[in-house]
Amino acid sequence: MPNRTACIYGINGPVVTVKNAPWLQMLETVYVGHERIIGEVIAVHGDATIIQVYEETSGLRIGEPVTSTGKPMSVTLGPGLIGNIFDGIERPLRSIEEMSGAFISRGLRPDAVDMEKEWDVRMTVREGDQVSPCTVIAELEETSLVKHKVMIPPDVSGVIEKAAADGKYNCKDTIAVVRTELGDKVEIRLVQQWPIRTPRPYRTREAISMPLITGQRIVDVLFPLAKGGTAAIPGGFGTGKTMTQHQLAKWSDADIIIYIGCGERGNEMTEVLEDFTGLIDPKSGQPLMNRTLLIANTSNMPVAAREASIYTGVTLAEYYRDMGYHVAIMADSTSRWAEALREISGRLEEMPAEEGFPAYLPSRLSEFYERAGYVKTLNDREGSVSIIGAVSPQGGDFSEPVTQNTKRFIRCFWGLDKELAYARHYPAINWLSSYSEYVDDLTPWYTENVSEDFIPDRAEVIKILQEESSLMDIVKLIGADVLPEDQRLTLEVARVIRVGFLQQNAYNATDTYVPLNKQYKMLKVILYLYEKCRELVIEQSIPLSQIQKSGIFDRVIKMKYDIENDNLEKFDGIFEEIKQLSF
């Protein structure tokens with residue numbers, strides 16, 4: 001029963017032990033101490049109950065009360081989430097700042113959304129209508145980019161006994177009453193609660209068929225991610241994991257972005273806040289924050305809340321997915337989340353597995369990544385949750401447990417290379433170690449929406465890059481001068497691909513985001529140049545050095561800057577220049 005009280009028996013960092021409290025249940029939320037700080041039951045051993053506390057435990061004493069709530073750790077779902085920033089257990093940081101200043105005080109539990117704010121609500125049901133789980137009963141404008149759909153909770157169905165008229169309502173107002181088959185009456189408000197560790201239900205999981213367009217050439221062309229897919233970005237310190245996720249968050253064509261800063265440095269989250277606040281959404285011309293939600297659990301925040309932040313973020317994503325939106329989650333970084341698991345596991349004195357991580361690390365990773373997907377919702381809409389998780393292996397060692405276990409549950413791997421990063425080649429995604437298993441699923445889409453040549457051209461580019469890698473082993477031993485002309489041409493065209501296509505400048509207005517049709521045109525130019533030069537070198541025996549003197553390779557490299565994204569007719573001039581090459 002809720003509100004029953006026990007006493008603290010032991011304290012070990014964020015882990016608190018309670019004795020003789022058989023009414024406490026697994027995963028139940030409790031209030032710990034006189035300040036009523038938030039905790040969650042994570043283990044029960046005989047007469048001992050173990051609680052992880054989501055706030056700082058310094059100053060707690062043996063004998064202080066632990067009060068049960070009878071409810072699992074849940075988040076509030078409703079209008080006002082978009083554009084806000086929360087900590088790992090969905091406490092709004094702006095509200096906390098107003099209450100406690102720059103440093104977070106213990107025991108604060110402000111509402112996740114403004115319960116007093118009135119929304120202009122338009123009802124979509126009437127009295128007597130039959131409703132089922134996730135039926136949309138009202139709509140309102142949450143931001144200029146997001147129309148919020150008020151839904152029946154997933155565990156409620158019945159008949160609308162009472163429906164409010166269109167008008168202004170706050171989150172405390174009852175806008176409908178549902179009479180269930182058992183005769184119970186359920187009041188429906190603009191907000192609802194959902195436990196973070198329980199995936200929200202859906203009708204069916206649909207086949208992957210649409211890419212998540214990011215405007216980043218190496219991603220969209222070589223290693224595409226599907227809507228509803230999963231990807232990992234592993235890389236050592238300084239390789240650009242966070243910046244790559246920033247680019248994907250800014251420019252991907254997802255309807256809603258949820259950025260989870262999990263255990264990252266505070267200055268990085270500050271940069272995210274400053275960047276996103278000033279960014280304009282390229283699709284709508286509106287501020288990007290109008291479709292973005294931020295969760296910040298920095299490295300100096302309580303470690304238990306870091307573990308919860310991942311589940312908080314994916315639960316919020318599923319809520320907007322159920323409205324029919326395509327949501328992209330940026331989790332930065334899952335390694336810091338795994339370290340939180342390791343610390344709590346150590347406090348519980350559990351038997352450690354590889355590198356001290358708990359033996360259940362793989363199952364926890366799978367629970368997270370498997371909540372991605374392209375689904376048909378309970379209200380027959382289509383929506384998706386795509387998950388992009390950054391991994392921070394120590395020393396850039398991809399053989400460590402978090403990276404290896406992550407690869408088991410994702411289908412898109414963007415491996416960052418420190419040598420590329422140190423050479424200022426960004427994004428520093430290594431095209432030889434990265435892969436995407438979504439290419440076959442997305443081939444029909446690319447064929448229909450871009451060109452029938454797109455996938456074959458992509459394969460040709462990968463082949464050239466792989467040939468360059470093989471030839472570079474020889475070049476490092478004996479130099480490039482001894483290679484035959486056709487192999488030297490392969491090296492030169494591979495350089496054009498690397499510098500002119502794969503390398504992208506986030507600070508250049510033209511190059512930071514490239515539409516898919518321009519990417520395809522650039523691809524065709526490079527392959528046409530390769531074809532024409534092979535004809536000159538092999539059939540006409542023209543030395544490669546003579547072709548290089550014409551400057552055509554450098555002009556093709558610079559086309560990413562010289563040709564505006566909305567002026568693709570300029571490509572005709574480059575095609576003609578290549579066609580006219582003669583010696």
| request: Establish, yes or no, whether the cationic atom of Lys407 lies under 6.0 Å from the six-membered ring centre of Phe413 and within 45° of the ring axis. | output: yes
| query | Have Tyr435 and Glu437 got a donor and an acceptor in their side chains that come within less than 3.5 Å? | reply | no
| Do the side-chain N and O atoms of Thr512 and Gln247 include a donor-acceptor pair separated by under 3.5 angstrom? | yes
| query | Going by atom types alone, do Thr135 and Asn379 pair a side-chain donor with an acceptor below 3.5 Å? | reply | no
| Residue pair Val18, Ile51: steps toward the side chain to side chain contact (heavy atoms under 4.5 Å, CB included) verdict | CA-CA 8 Å; Val18 172; Ile51 297 164; 3.7 Å; yes
| said: Checking side-chain polar atoms at under 3.5 Å, does Arg197 have a donor or acceptor matched by the opposite partner on Thr315? | reply: no
| Any side-chain heavy atom of Thr17 sitting closer than 4.5 Å to one from Thr49? | no
| Within 45° cone of Trp337 ring axis and under 6.0 Å: Arg306 NZ or CZ | no
| request: Establish, from distance only, whether the side-chain atoms of Ser309 and Glu307 form a donor-acceptor pair under 3.5 Å. | output: no
| query | Do Glu350 and Ser345 have side-chain N/O donor and acceptor atoms under 3.5 Å apart? | reply | yes
| said: Quick one about Glu98 and Ser95 (side-chain donor to acceptor, distance below 3.5 Å, no hydrogens or angles considered), yes or no? | reply: no
| Contacts of type ring-ring contact (aromatic ring centres under 6.0 Å, His included), residue Tyr31, not counting sequence neighbours | none
| Working for side chain to side chain contact (heavy atoms under 4.5 Å, CB included), residues Thr143 and Arg291 | CA-CA 8 Å; Thr143 71; Arg291 63 180 183 93; 5.7 Å; no
| Mind checking what makes side chain to side chain donor-acceptor pair (under 3.5 Å) contact with Thr242, not counting sequence neighbours? | Glu268, Asp332
| field | Side-chain H-bond candidate by donor/acceptor type, Ser333 with Ser392, under 3.5 Å | value | yes
| So, Glu382 and Tyr374: side-chain donor and acceptor under 3.5 Å apart, yes or no? | yes
| request: Tell me, with the steps shown, if Asn170 and Met115 meet side chain to side chain contact (heavy atoms under 4.5 Å, CB included). | output: CA-CA 6 Å; Asn170 65 29; Met115 302 297 284; over 6 Å; no
| request: May I ask you to check whether Tyr319 and His148 place their ring centers less than 6.0 Å from one another? | output: yes
| query | Which is it for Val150 and Leu140 under the side chain to side chain contact (heavy atoms under 4.5 Å, CB included) test, yes or no, and what are the steps along the way? | reply | CA-CA 8 Å; Val150 182; Leu140 56 91; 4.1 Å; yes
| task | Give the ring-plane orientation class for His246 versus Tyr259, where under 30° counts as parallel, over 60° as perpendicular and anything between as tilted. | result | perpendicular
